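This report concerns only the one structure given below.
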Amino acid sequence: RADQGEELMNLETPVSDWDAALRTGDVMAPLVQWRESLAGRPVTINREGLVAHYDFDGSLADSSGGYEHGRTLKGDPAFGSGQVSRSVSFDAQTLVTFGNRTGALRHDSPFSVAFWLRPTGSKQDMPVLQKIENTETRRGWEVWLTDYVLVDIQKRAGRINVRFTSKWPDNALELRTREHFVQSEWAHIAVVSQGSGRGAGLTLYVNGVPAETEIVRDTLTGPITNAA
């Protein structure tokens with residue numbers, strides 16, 4: 001959503017200020033309690049400019065009204081409670097696809113993609129979302145968890161890595177978080193682009209706060225659209 005990208009950029013400073021206040025004040029416990037009270041409850045959707053929205057309430061149906069329903073290609077997705085409303089769980093043997101317009105991003109147009117994520121115990125780099133033409137050129141876009149490190153007994157943490165590619169690796173934009181995020185903990189991820197096709201025009205939000213990121217490559221000049 002182009003309008004949502006602009007709104008999130010305008011809210012960057014006040015959100016950061018409020019987040020700092022919450023972490024040091026006496027309201028953190030009530031905030032956590034409020035968040036927990038939302039688990040399993042339906043969420044109100046603002047459909048203006050929305051391409052697709054998935055509640056994962058026992059199915060891969062698109063609840064935005066755009067009929068961009070998902071379907072299972074392989075495996076058996078498991079549905080359960082989520083951080084807000086419901087969630088779906090995938091293992092390494094499960095593959096699903098969503099509607100034709102879902103994820104049909106352009107490098108030269110503003111957009112936003114947002115989702116809740118709770119990764120499980122992988123030791124290797126792991127794809128989260130992909131819409132790529134093939135594994136050679138990798139034309140399209142991807143979200144990965146990479147660079148896992150051990151942070152506790154049998155607990156690892158990985159970086160969030162976002163890639164937009166016309167032809168890998170020479171014609172691509174790649175951004176990753178400096179921070180590692182712990183497995184088995186919920187995080188809300190939002191990728192917001194101003195439509196410049198450059199790293200400076202891309203913001204990655206984690207739990208509503210702009211994450212500190214580093215640009216791995218910033219050589220994207222061609223389109224990322226594909227028929228995947």
Side-chain angles (χ1 to χ4, degrees), residues 1-5 7-8 11 15 29-105 110-122 126-132 140-145 158 160-162 181-193 203-209 211 226-228:
R1 290 178 55 183
D3 59 333
Q4 188 182 54
E7 291 173 4
L8 284 172
L11 287 173
V15 168
L31 177 62
V32 171
Q33 185 177 10
W34 171 74
R35 286 176 174 172
E36 291 177 347
S37 72
L38 297 177
R41 293 175 55 183
V43 62
T44 302
I45 304 172
N46 179 3
R47 290 180 169 82
E48 184 179 354
L50 189 63
V51 173
H53 180 89
Y54 301 94
D55 292 315
F56 299 128
D57 190 11
S59 75
L60 302 176
D62 171 22
S63 58
S64 73
Y67 300 100
E68 297 294 314
H69 305 308
R71 59 191 177 93
T72 302
L73 301 180
K74 186 177 82 169
D76 187 18
F79 297 92
S81 60
Q83 187 71 352
V84 176
S85 190
R86 303 280 286 172
S87 68
V88 61
S89 177
F90 304 110
D91 58 26
Q93 306 303 315
T94 302
L95 179 64
V96 303
T97 185
F98 295 94
N100 293 330
R101 294 177 61 232
T102 302
L105 309 179
F111 63 80
S112 61
V113 178
F115 55 93
W116 283 97
L117 177 66
R118 188 187 182 199
T120 52
S122 175
M126 178 176 65
V128 176
L129 295 173
Q130 286 182 308
K131 184 176 173 60
I132 60 173
W141 64 277
E142 311 172 74
V143 179
W144 282 68
L145 293 174
I160 302 168
N161 186 299
V162 183
F181 295 90
V182 179
Q183 293 173 340
S184 301
E185 293 184 3
W186 283 105
H188 185 268
I189 313 299
V191 182
V192 179
S193 171
T203 305
L204 180 59
Y205 293 83
V206 180
N207 296 326
V209 179
N226 61 65

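All figures in this text were calculated on a predicted structure; none of them were measured in a lab.
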Subject >> N/O donor-acceptor pair under 3.5 Å between D62 side chain and Y67 backbone >> reply: yes

Subject >> Non-neighbouring partners of F181 that pass ring pair (Phe, Tyr, Trp, His ring centres under 6.0 Å), sequence neighbours left out >> reply: none

Original post:
Between W116 and H188, how do the two ring planes meet: parallel, tilted or perpendicular, split at 30° and 60°?
Top reply: perpendicular

Original post:
Which pair of non-hydrogen atoms, one from S81 and one from S87, has the smallest distance, and what is that distance?
Top reply: O-OG, 2.9 Å

Original post:
Is there a donor-acceptor pair under 3.5 Å between the side chain of K131 and the backbone N or O of A104?
Top reply: no

Subject >> Check against salt bridge (charged side-chain N to carboxylate O under 4.0 Å, His left out), R86 and D55 >> reply: CA-CA 6 Å; R86 303 280 286 172; D55 292 315; over 6 Å; no

**OP:** Give the C-alpha distance, both sets of side-chain angles, the deciding distance and a yes or no for side-chain contact (heavy atoms from CB on, under 4.5 Å) between L60 and F79.
**Re:** CA-CA 10 Å; L60 302 176; F79 297 92; 4.1 Å; yes

**OP:** Take I160 and L204 through the test side-chain contact (heavy atoms from CB on, under 4.5 Å) and record every step on the way to the result.
**Re:** CA-CA 9 Å; I160 302 168; L204 180 59; 3.9 Å; yes

Original post:
CD/Q130 to CH2/W141 distance, rounded to the nearest 0.5 angstrom?
Top reply: 10.0 Å

**OP:** Measure the OG1-CG distance between T94 and L73 for me, rounded to the nearest 0.5 Å.
**Re:** 10.5 Å

Original post:
Quick one: are M126 and P119 in side-chain contact, heavy atoms under 4.5 Å?
Top reply: yes

**OP:** Over all heavy atoms of both residues, which pair between T102 and A52 is shortest? Give the atoms and the distance, please.
**Re:** OG1-CB, 3.5 Å

Subject >> Contact summary for A187 and N207, nearest pair of heavy atoms >> reply: CA-OD1, 3.4 Å

Subject >> Distance, nearest 0.5 Å, that separates OH of Y54 from OG of S64 >> reply: 7.0 Å

Original post:
Can any side-chain N or O of E68 pair as donor or acceptor with the backbone N or O of N100 at less than 3.5 Å?
Top reply: yes

**OP:** Report the distance from atom CD of Q183 to atom OG1 of T120, rounding to the nearest 0.5 Å.
**Re:** 7.0 Å

**OP:** Applying side-chain contact (heavy atoms from CB on, under 4.5 Å), run through V143 and L117 and close with a yes or a no.
**Re:** CA-CA 11 Å; V143 179; L117 177 66; over 6 Å; no

**OP:** Output the distance between atom OG1 (T97) and atom NE2 (H69), rounded to the nearest 0.5 Å.
**Re:** 13.5 Å

